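Each ligand, and each atom within it, is numbered from 1 in the order the structure gives. The analysis underlying the following values was restricted to heavy atoms, covering all of them including side chains, and did not include hydrogens, waters or symmetry mates. Numbers for residues simply follow the sequence, beginning at 1. Owing to the predicted nature of the structure, the values given are computational and were not obtained by experimental measurement.
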Amino acid sequence: MHKKIARWVQDKKSGIKRAVVTAYDYPFARLAAEAGVHGILVGDSLGMVVGGGGDTLGVTLEQMAYHTGMVVRGAGDCLVFADLPFGSYEKGPEQAWGAAVTLLRAGADVIKLEGGAEMASTVAFCSERGINVCAHIGLTPQRVRQWGSFQRQGTDVDSARRLQADAGALAEAGARFLVLEAVPDALAANITRDITIPTIGIGAGPDTDAQVLVMHDLLGLGTESPPFARRYIEGGRIMRDALAEYVREVGNSQFPPHRKR
Ligand code: KIV
């Protein structure tokens, strides 16, 4: 097993929590690495937070590879996860393997794919052929057009049971990590206890082995963030103020300063 992944498994056993954040380019990856973040996810959320789209479905494999390359150059010792985008893997294991190879060649350590037990054969095929897979269940944004909105999952007994079974099947198939998105805290805690691979939660309470946040939510760069995300700074306001000051200084000839010669 990759030394960095073995460390994650060890930390799960010891109850040491790990922090993951999304990044989509070199400067933000470098900031995350310098801050001591453990994992960087090149999420297909880039279609929304960077691309301004309403969902993630427009993101292509080529775009993911391009952004993964930028992130890897800034990621230092962080483990780099990259999303297989919608349409690049659902047809079957061989399609998924081909897409995963593209992201591995761009420098990713782990590829992430959305879906439950129906993806277990794909996870097994890829992991048996040298690819570290992170599975993602709960709110899986690539299915938003089927659901009609970004809905919390696992809120009734049947769907909670289904997610618990999905988690077991994906871990059994060889997934190295499991993202749990927008599920009840107690369900995330139960799944985390039941499986030996590290869980990474987002909107899933405090009991998962790691947390992931979208960088632009954490830094307050967007106009709104999901209710579970904490805006650690109002980065958008700070940057807008700096830009407005630049505009002012150019307007009143304060910038650039006059040179002596
Ligand atoms: O694309 C993404 O950023 C994600 C996280 C929200 C887990 O999948």
Side-chain angles (χ1 to χ4, degrees), residues 8 18-25 28-29 32 37-61 63-68 70-71 75 78-90 99-100 103 106 108-116 119 133-145 147 149-154 163 166-167 170 175-183 188 191-192 197-205 208-219 221-222 224-231:
W8 281 67
R18 307 216 119 204
V20 181
V21 70
T22 68
Y24 314 101
D25 61 19
F28 281 95
V37 159
H38 304 105
I40 296 180
L41 168 64
V42 190
D44 60 356
S45 50
L46 81 87
M48 300 174 74
V49 295
V50 176
D55 60 38
T56 60
L57 302 193
V59 177
T60 66
L61 183 61
Q63 290 166 350
M64 288 304 304
Y66 179 60
H67 286 273
T68 298
M70 293 184 216
V71 166
C78 294
L79 195 67
V80 176
F81 300 74
D83 267 340
L84 288 181
F86 181 68
S88 72
Y89 66 96
E90 299 88 338
L103 298 186
D109 298 307
V110 182
I111 64 93
K112 178 164 83 57
L113 54 80
E114 297 183 7
M119 299 309 298
V133 180
C134 173
H136 178 161
I137 61 172
L139 197 177
T140 44
Q142 292 175 7
R143 299 195 181 186
V144 66
R145 302 255 175 103
W147 293 341
S149 65
F150 295 103
Q151 300 164 5
R152 273 179 83 68
Q153 300 293 311
L163 286 173
D166 285 340
L170 291 161
R176 296 281 191 208
F177 299 90
L178 180 66
V179 167
L180 295 169
E181 178 166 355
V183 299
I191 291 174
T192 299
I197 60 172
T199 58
I200 305 173
I202 176 162
T208 52
D209 300 307
Q211 295 290 326
V212 57
L213 276 182
V214 168
M215 173 79 85
H216 292 57
D217 292 336
L218 187 162
L219 297 181
L221 297 178
E224 53 186 54
S225 309
F228 55 77
R230 179 175 300 170
R231 294 165 76 94

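Contact detail for D83 and L103: the closest heavy-atom pair is O-CD1, 3.3 Å. Residue G115 comes nearest to T140 through the heavy atom pair N-CG2, 4.0 Å, listed as atom of the first residue, atom of the second, then distance. The two atoms that bring A82 and A108 nearest to each other are CB-CB, 3.8 Å, heavy atoms only. Scanning all heavy atoms of the two residues, the minimum distance from I40 to A32 falls at CD1-CB, 4.0 Å.
In this pair, H216 and Y24 present their aromatic rings tilted. The plane angle is within the 30 to 60° band.
Here the straight-line distance linking atom CG of L46 with atom OH of Y66 works out to 11.5 Å at 0.5 Å rounding.
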Taking a 3.5 Å cut-off between nitrogen or oxygen atoms, can you list every pair linking ligand 1 to the protein, with distances?
unit_1   : atom_1 : unit_2 : atom_2 : d
ligand 1 : 1 (O)  : D44    : N      : 3.2
ligand 1 : 1 (O)  : D44    : OD1    : 3.1
ligand 1 : 1 (O)  : S45    : N      : 3.0
ligand 1 : 1 (O)  : S45    : OG     : 3.3
ligand 1 : 1 (O)  : D83    : OD2    : 3.1
ligand 1 : 3 (O)  : S45    : OG     : 2.5
ligand 1 : 8 (O)  : K112   : NZ     : 2.9

